[in-house]
Structures are given as structure tokens and as C-alpha cells.
Asker: 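Dropping the structure in here first, questions after.
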Amino acid sequence: MSKDIKRVTGIGGVFFKSENPKQMSEWYKTHLGIPVGDYGWSFEWKDKEGNDGMTQWTIFDANSKYFNPSEKPFMMNYRVENLEELLKVLKEEGVTIVGEMESYDYGNFGWILDPDGNKIELWEPKG
């Protein structure tokens with residue numbers, strides 16, 4: 001296993017909590033033009049090779065447990081390559097791994113904690 005593997009390739013998402021997610025969504029729609037839907041908004045873009053990509057932006061309810069065990073009101077999602085291998089390397093390096101890797105139609109996900117206890121979501125997009 002190589003520690004020289006490619007790690008973060010971009011920002012996959014920005015997630016934060018709000019006491020009133022609906023009101024906050026309306027504020028972002030009105031003042032910043034972000035058309036927030038039920039699951040936030042996906043900013044679509046193309047990489048330097050012309051491949052489609054997206055960055056997810058979502059407001060969570062303040063009581064959401066999705067960011068656990070972090071007590072912070074935000075979570076970053078980073079795009080990665082070869083998540084399974086990366087999680088092995090991070091574990092060897094002493095990084096706290098949260099839960100097990102999960103796979104969906106749109107990609108593989110894993111979670112870690114940084115030294116300040118911020119939960120970080122790692123996403124290996126499919127396709």
C-alpha cells in the first residue's frame with residue numbers, strides 16, 4: 001500500500017446546520033440566487049478534461065445526527081480517488097475512521113475526523 005496515492009481531488013460538498021433550514025434556504029434563494037431544493041443544490045461544473053462534476057451544497061436541520069460524532073455545525077465533503085485504498089492508508093497513519101465505507105449508485109463514501117473533531121466526508125464519485 002502506497003502512501004503516495006492520490007488523495008483529495010476537489011471539494012465534493014459543503015454541509016451546515018441551521019435552526020430553521022427552510023428559512024435559511026429562502027434567504028439563500030432570495031439574496032444569493034441559489035435555488036435550494038429538498039436536498040440542497042448541486043453546483044455543476046466540468047473538470048479540465050471536460051468531464052461533468054458537481055459540488056453538493058446542503059443545509060441540514062440543527063438536530064441532524066449526520067455529522068456525529070462531531071459536535072460542529074458543519075461538515076466538508078472532499079472528492080477522492082480510490083476511497084477504499086485511501087481509508088486503509090489513513091487508518092495506518094492514525095487517522096480516526098468513522099463507521100464503514102458505504103456504496104450508492106452515485107459513489108462511495110467514507111468518514112474521518114480531523115484533530116479538532118471535525119467530521120469529514122470522503123466521496124469517490126461513480127461515473
Side-chain angles (χ1 to χ4, degrees):
M1 199 169 338
S2 171
K3 291 186 179 192
D4 295 331
I5 65 170
K6 196 168 195 177
R7 296 181 188 226
V8 170
T9 62
I11 295 177
V14 177
F15 310 123
F16 61 98
K17 294 181 179 182
S18 171
E19 292 291 334
N20 192 332
K22 289 185 185 211
Q23 181 181 24
M24 186 69 81
S25 294
E26 286 303 316
W27 187 92
Y28 275 92
K29 282 181 191 177
T30 301
H31 299 290
L32 297 181
I34 299 174
V36 183
D38 291 342
Y39 299 102
W41 177 249
S42 297
F43 291 91
E44 297 177 356
W45 45 268
K46 293 194 180 287
D47 66 15
K48 62 185 176 185
E49 286 86 31
N51 300 310
D52 291 333
M54 67 165 210
T55 301
Q56 184 64 31
W57 182 94
T58 304
I59 303 169
F60 283 76
D61 184 87
N63 296 319
S64 173
K65 305 290 184 216
Y66 192 66
F67 300 3
N68 287 359
S70 176
E71 296 180 11
K72 307 292 174 76
F74 62 88
M75 182 175 68
M76 294 296 297
N77 168 300
Y78 294 105
R79 296 169 65 94
V80 300
E81 291 184 10
N82 197 349
L83 177 61
E84 188 172 356
E85 185 74 13
L86 178 56
L87 288 172
K88 289 177 188 175
V89 170
L90 292 173
K91 186 174 184 176
E92 287 177 359
E93 294 173 348
V95 173
T96 300
I97 308 296
V98 178
E100 299 294 324
M101 189 176 89
E102 296 180 14
S103 294
Y104 300 92
D105 292 343
Y106 45 90
N108 299 323
F109 293 85
W111 299 269
I112 61 173
L113 292 178
D114 73 11
D116 280 348
N118 298 307
K119 187 175 180 183
I120 297 169
E121 185 169 68
L122 303 174
W123 172 41
E124 178 184 10
K126 289 186 181 172

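The first residue in the sequence is number 1, and the count goes up from there.
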Asker: For Glu102, I'd like to know if atom CD has over 12 heavy atoms of other residues, nucleotides or ligands within 6.0 Å.
Answerer: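 Above 12, so yes.
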Asker: Kindly write out the residues that satisfy salt bridge (Lys or Arg N to Asp or Glu O under 4.0 Å) with Glu81, not counting sequence neighbours, or none if the list is empty.
Answerer: Lys6
Asker: Does Lys72 have any salt bridge (Lys or Arg N to Asp or Glu O under 4.0 Å) partners at least two apart in sequence or in another chain, and if so, which?
Answerer: none
Asker: Taking only residues two or more places apart in sequence or in another chain, which ones pass side chain to side chain donor-acceptor pair (under 3.5 Å) with Thr58?
Answerer: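 For Thr58, the residues satisfying side chain to side chain donor-acceptor pair (under 3.5 Å) (neighbours in sequence not counted) are Gln56.
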Asker: If you look at every heavy atom in Val80 and Pro125, which pair is closest and at what distance?
Answerer: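 Closest heavy-atom pair between Val80 and Pro125: O-CD, 4.0 Å.
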Asker: Do other residues, nucleotides or ligands put more than 12 heavy atoms under 6.0 Å from Glu71 CD?
Answerer: no
Asker: Can you tell me how far NZ of Lys119 sits from OG1 of Thr96, rounded to the nearest 0.5 angstrom?
Answerer: 12.5 Å
Asker: Would you say the side-chain atoms of Ser103 and Asn108 include a donor-acceptor pair closer than 3.5 Å?
Answerer: yes
Asker: Could I get the full list of ring-ring contact (aromatic ring centres under 6.0 Å, His included) partners for Trp45, not counting sequence neighbours?
Answerer: none
Asker: Closer than 4.0 angstrom, basic N to acidic O: yes or no for Asp61 and Lys17?
Answerer: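 No.
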Asker: Using 0.5 Å steps for rounding, measure from the CZ atom of Arg79 to the CG atom of Asp47.
Answerer: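 Output value for this atom pair is 8.0 Å.
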Asker: Say you draw a straight line from CH2 of Trp27 to CD1 of Ile59; how long is it, rounded to the nearest 0.5 Å?
Answerer: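 Here the interatomic distance stands at 10.0 Å.
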Asker: Determine the minimum heavy-atom distance between Val14 and Met76, stating which atoms define it.
Answerer: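 Looking at all heavy atoms of both residues, the shortest contact is CG2-CE, 4.1 Å.
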Asker: Is there a donor-acceptor pair under 3.5 Å between the side chain of Ser18 and the backbone N or O of Asn20?
Answerer: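 Present.
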Asker: Take Leu87 and Ile112 through the test side-chain contact (heavy atoms from CB on, under 4.5 Å) and record every step on the way to the result.
Answerer: CA-CA 9 Å; Leu87 288 172; Ile112 61 173; 4.2 Å; yes
Asker: When you look at Arg7 and Leu90, which way does the side-chain contact (heavy atoms from CB on, under 4.5 Å) test go after all the steps?
Answerer: CA-CA 10 Å; Arg7 296 181 188 226; Leu90 292 173; 3.8 Å; yes
Asker: Please set out all donor-acceptor pairs under 3.5 angstrom arising from side-chain atoms of residues 28-36, sequence neighbours excluded.
Answerer:
from: Lys29; atom 1: NZ; to: Glu26; atom 2: OE2; distance (Å): 3.4
from: Lys29; atom 1: NZ; to: Val36; atom 2: O; distance (Å): 3.2
from: Thr30; atom 1: OG1; to: Glu26; atom 2: O; distance (Å): 2.9

Asker: Got a donor-acceptor contact below 3.5 angstrom from the Lys126 side chain to the Asp105 backbone?
Answerer: no
Asker: Linking Ile, Leu, Val, Met, Phe, Trp and Tyr through side-chain heavy atoms less than 4.5 Å apart, which residues share a cluster with Met54?
Answerer: Phe15, Phe60, Tyr66, Phe67, Met75, Val98, Tyr104, Tyr106, Phe109, Trp111, Leu113, Trp123
